[in-house]
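Values reported hereafter were calculated over all heavy atoms of this structure, with side chains retained and with hydrogens, waters and symmetry mates removed. Whatever order the structure lists ligands and atoms in, that order sets their numbers, starting from 1.
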Amino acid sequence: MVIERTKVKLKGLIFDVDGTLAETEQGGHRIAFNRAFAELGLDWNWDEAIYDDLLQVFGGKERVRHFIDEHLAGFSVQGDLDDFIRDLHRRKTRHYVDLMKSGGIPLRPGVQRLLREARSEGLKLGIASTTTPENVTALLTATLGAHSIDWFDVIAAGDIVAQKKPAPDIYEYALQCLDLPAAGCIAFEDTGSGLRSAASAGLETVVTVNDATRQQDFSGAAIVLDQLGEPDRAFQVLAGNAHGATCVDVPFLHKLHTAK
Ligand code: XBP
């Protein structure tokens, strides 16, 4: 049964993490991968350009496997390659968590404000991310404090689902845990693949682009912005109708949700 979205009260917000909550990819994950490579004595080094290309593949383990298959013909290890990649990825996650603890990667504009507003308005909050769960809690702890983990009714992340983005699985799992219909929620994403994952799960989606994703296809997004904005720092609308708003707040989301 398809529920007419505008007839369902907005009850939940579901956020992607990397690139949406914070710019964690080039300054976080990429550095962590390179430190794990060095730890294993591998002469691999992912510079920003290589990593931008590899970001087309969601999931760190899947990204390493893609890199090997596409760029390292003949690469082999003693034993099982997937075991090797899993071990490498565990090391990478440790480096990423350490990087988060050292601080230095802030939340994007408007994220903390919107999370706080949504909570005070009684909206449920969820996370739907391909990244490893430890990475999510490390980012939240570093930027908002460990208590902020409890703000979220679900942190759906990583291998909890079989198919990663752009498949809808992680958003469908998050909706199930929130016990909310897709028609009662709004998703927040920064990539075309993330948008397709949320849209395939039936979610209207607010896109906040970043330099790496600005040129991607965001067809079907409820609105495409350069950032969530702050009351004193207006967002730039790249596609869609902002209904006169200059930053994403809860009243704006209610307007967006009920607009035809
Ligand atoms: C981003 C991803 C993740 C991260 C790396 O997830 O695709 O793979 O790049 O994290 P999202 P892992 O945009 O859904 O937050 O190495 O833990 O996968």
Would you call [X]-[Y] a salt bridge at under 4.0 Å N-O?
X      : Y      : answer
Asp87  : Arg91  : yes
Asp47  : Arg30  : no
Asp190 : Arg108 : no

Discussion item. Any donor-acceptor pair under 3.5 Å linking the side-chain atoms of Gln56 with those of His66?
Written reply: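 No - no donor-acceptor pair under 3.5 Å links their side chains.
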Fill in: Donor + acceptor pair across side chains of Arg35, Tyr96 (<3.5 Å)
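Result is no, nothing qualifies.
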Practice prompt. Check each protein residue for a heavy atom under 4.0 Å from ligand 1 and list those that pass, ordered by chain and number.
Written response: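 Close residues (ligand 1, cut-off 4.0 Å): Asp16, Val17, Asp18, Glu25, His29, Phe33, Tyr51, Phe58, Gly59, Gly60, Arg63, His89, Lys92, Ser129, Thr130, Thr131, Thr132, Asn135, Lys165.
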Fill in: Residue pair Leu115 / Leu144, side-chain heavy-atom distance below 4.5 Å
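Yes, side chains in contact.
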